[in-house]
There are 2 protein chains.
Amino acid sequence: MPGQQTRTTIADVAKEAGVSVSTVSRALRGLDKVNPDTRARVEAAAEKLRFTFSKTASSLASGKAMRVAVLLPNEINSWFNANTFEGVYEVLSREGYDVVPYVMWEEDDLARFLRTLPGTQNFDAVIVVSFILDRAQRAFLDTLTIPMVGINVPSTEGFDATVRIDDEAAMHGVVRLLRSLGHEAIAYVEQPVQPSPFTCSDSVRMDGFLDAAAREGYDEEHILTIPSLSRLGSEDEEEAQESVGGEAAAISGIAAQLVGAICRPTGICVENDRCAVLLLKELRRLGWRIPEEVSLVGFDGDSVGDVVDLTTVRQNPLQLGRAAAGKTLALMRDEPLDEPHTVAPTSLLMRATTSRLSSGRTLAA
Amino acid sequence: MPGQQTRTTIADVAKEAGVSVSTVSRALRGLDKVNPDTRARVEAAAEKLRFTFSKTASSLASGKAMRVAVLLPNEINSWFNANTFEGVYEVLSREGYDVVPYVMWEEDDLARFLRTLPGTQNFDAVIVVSFILDRAQRAFLDTLTIPMVGINVPSTEGFDATVRIDDEAAMHGVVRLLRSLGHEAIAYVEQPVQPSPFTCSDSVRMDGFLDAAAREGYDEEHILTIPSLSRLGSEDEEEAQESVGGEAAAISGIAAQLVGAICRPTGICVENDRCAVLLLKELRRLGWRIPEEVSLVGFDGDSVGDVVDLTTVRQNPLQLGRAAAGKTLALMRDEPLDEPHTVAPTSLLMRATTSRLSSGRTLAA
DNA sequence: ATGAAAGCGCTAACAG
DNA sequence: CTGTTAGCGCTTTCAT
């Protein structure tokens, strides 16, 4: 049990190598203008003393935190968030940056986080994922001096760079597909149980669907929407449980709405694959023949869909994350960005949960 | 375009409030021994100046980094890693700690990381997930002064605390199940494509299986093992591709081995659910009737298994993460740990991919 | 190519 | 309860 072992500092190395601290700093950081011999001596001393820099001290002295914050809604562990984060991590960690996740549970968390941003150099950049910022917040971002990069944020305003997919266009593609398959009544299903009372940019998908449906000539009677429970203002706090029970119940509730609909939809689009596969299972259990009588389309390209060959809209959050990180890197280095705001592609993956509806064939009432 | 806006520091607030910096520090941190009036004045000044602390400066001065590192093998985005991380994050972020992930791709990364640990106070604690450390490394951990906490590490040696599931016991349960269902030839399948050349503690599962099989009276002819490709020393660098192609190919390779086995197994255990569902799909495609003729068991309790009602061994990495974080917190606060090393439960979840083998019934050769 | 010195923004004794 | 005084460990002009 040795006493409070005082950490070895750059000064110890300097003494050991017989040079000044500034020389040690230069040598160990690989800067030029250091005599090779000196450098070798310093490195040997550092090695011998098992010295490594204190990031904290370096940060304070240099003004660069070597740290970027990633703001995520609800959880780090959803398919989209986790993949996005991984992409960001991949690029930034390689360049020596720490990538620190911050999960926002309620609107207030975001506001609070943003408030801590100005004035102090805690981060070299902030990457914001999927949040819908109000006008005031976006204006506020403009006052900040560090790079702010958005991923799937509805507006580019306030951001130095953004990367996103085009949800509207993707939904339009889905609606066109359903129409071309002969579906005259369609439905959009949102993820029933939101993990927290946050409105994030997934919610633009439903609008995109409705917009596309209108353009494709569907009238109100032939469009069914099943919004998430939280949208309905159900304030049951029980719902945000970990237990899958709530989710299973919610899924069967959705299935019931679908089955009991006045104008029963035969073309269904679900907000994400995770939800879609559960609904698929439930609907089949209730006797719906998919894809013979009903077509189901997911969204994401999550591997859960592979097992059941779910037709879906694929996106690549890993790439989204990488792209955002690349832009962040450039911005931190004051390099010019040829295209600050980019749109990443999505693609319709046709698999086994969609098929042409035989004309004249209708579901029994 | 205002000039380099110099950040507002604690000194600015002090001046504004007409007090000393230390008073500001105390007031804003909520320490006692501060006159309520003074505190109010300071808070007003801080608010007015939009002041927030520089974490970096605080860390340097106080010696507490308020940051803990989480070391993860291969990727942050596997089911186990992501859930574990989320659990850790949940607990630690609530207490004001930054939780910083570090992904290790090769053995060297770990060694390098560990080397940077001594001497400098970059982290207040380190949480290590699933790594197998050699004797020298474990001994090294003992020399460190900050808390080291392990999750699913094979040996408690070198760690101040650990949380783990009992893989051996769980595998024993699986083997007993298969035996009781009447399976006389059994197989263990490892995840074919490892994301990186890392050996992490998942590999103890196969040993557990073999051990259990021996104890339950299976002889070598009736045990088939299909180790991961990387174990076989296949050095194809192509394999670590992102494309699912490699994985799909690997799965069908496994299926082929199973189908072509001299003593065809009817009870199969797969390292994890993700892999299991893919294999399930492929085996069914090849005409195997599961569970009527063959039983399949996964591992994890990943929600991918829900869709196909996969029988599996459930574990709860979220809880593992929370538990580890709790211990970490206690250690950082020098609180005593009543039980430094704990084992979390797993449970066998019987679903639709296992069933009793009708006696006398055999697969056609 | 190297050293001396002045901070970076804050905390933590120690006085008062 | 509040102010004074030293640093925390490193980077960075500015000399030399």
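By convention in this document, chain letters (A, B, ...) are assigned in the order of the sequence lines, proteins followed by strands, and residues within each chain are numbered from 1. These numbers were taken from a predicted model, which means no experiment stands behind them.
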Let me know the distance between [atom1] of [X] and [atom2] of [N], rounded to the nearest Å.
| X | N | atom1 | atom2 | answer |
| --- | --- | --- | --- | --- |
| B:K64 | C:dA12 | NZ | P | 9 Å |
| A:K15 | C:dT2 | NZ | P | 20 Å |
| B:L60 | C:dC8 | CG | P | 13 Å |
| A:R7 | D:dG7 | CZ | P | 15 Å |
| A:Q121 | C:dG7 | CD | C1' | 16 Å |
| A:F51 | D:dG9 | CZ | C1' | 8 Å |
| A:F53 | D:dG9 | CZ | P | 14 Å |
| B:I10 | C:dC10 | CD1 | C1' | 6 Å |

(request) First locate atom OG1 of B:T162, then atom CD of B:E157, and finally report the distance between them rounded to the nearest 0.5 Å. (result) 12.0 Å
(message) As an exercise, state the distance from NE2 of B:H341 to NZ of B:K327, rounded to the nearest 0.5 Å.
(response) 8.0 Å
(message) Return whichever of A:S62 or B:S20 has its heavy-atom-nearest nucleotide of DNA chain D closer to the 5' end.
(response) B:S20
(message) On DNA chain D, compare the nucleotides closest to B:A61 and B:V19; which residue's is nearer the 5' end?
(response) B:V19
(message) Tell me which pairs pass salt bridge (charged side-chain N to carboxylate O under 4.0 Å, His left out) where either residue lies in residues 40-66 of chain A, with sequence neighbours left out.
(response) A:E16-A:K48, A:K55-A:D98
(request) Kindly point out which of C:dC10, C:dA12, C:dC8 is positioned nearest to the side chain of B:S22? (result) C:dA12
(message) Of the options D:dT11, C:dT11, C:dG9, whose atoms approach the side-chain atoms of B:T9 most closely?
(response) C:dG9
(request) Please state whether the rings of B:F85 and B:Y89 are parallel, tilted or perpendicular, taking 30° and 60° as the class boundaries. (result) parallel
(request) May I ask you to decide if the ring planes of A:Y102 and A:F123 are parallel, tilted or perpendicular, using 30° and 60° as cut-offs? (result) perpendicular
(message) Within a 6.0 Å radius of atom CZ on A:R135, are there more than 12 heavy atoms belonging to other residues, nucleotides or ligands?
(response) no
(request) Using a cut-off of strictly less than 4.0 Å between a heavy atom of the residue and any atom of DNA chain C, enumerate the qualifying residues of residues 23-47 of chain B by number. (result) B:S25, B:R26, B:R29
(request) Please name the residue in the list B:V21, B:V19, B:L49 that meets the side-chain contact (heavy atoms from CB on, under 4.5 Å) test with B:V13. (result) B:L49
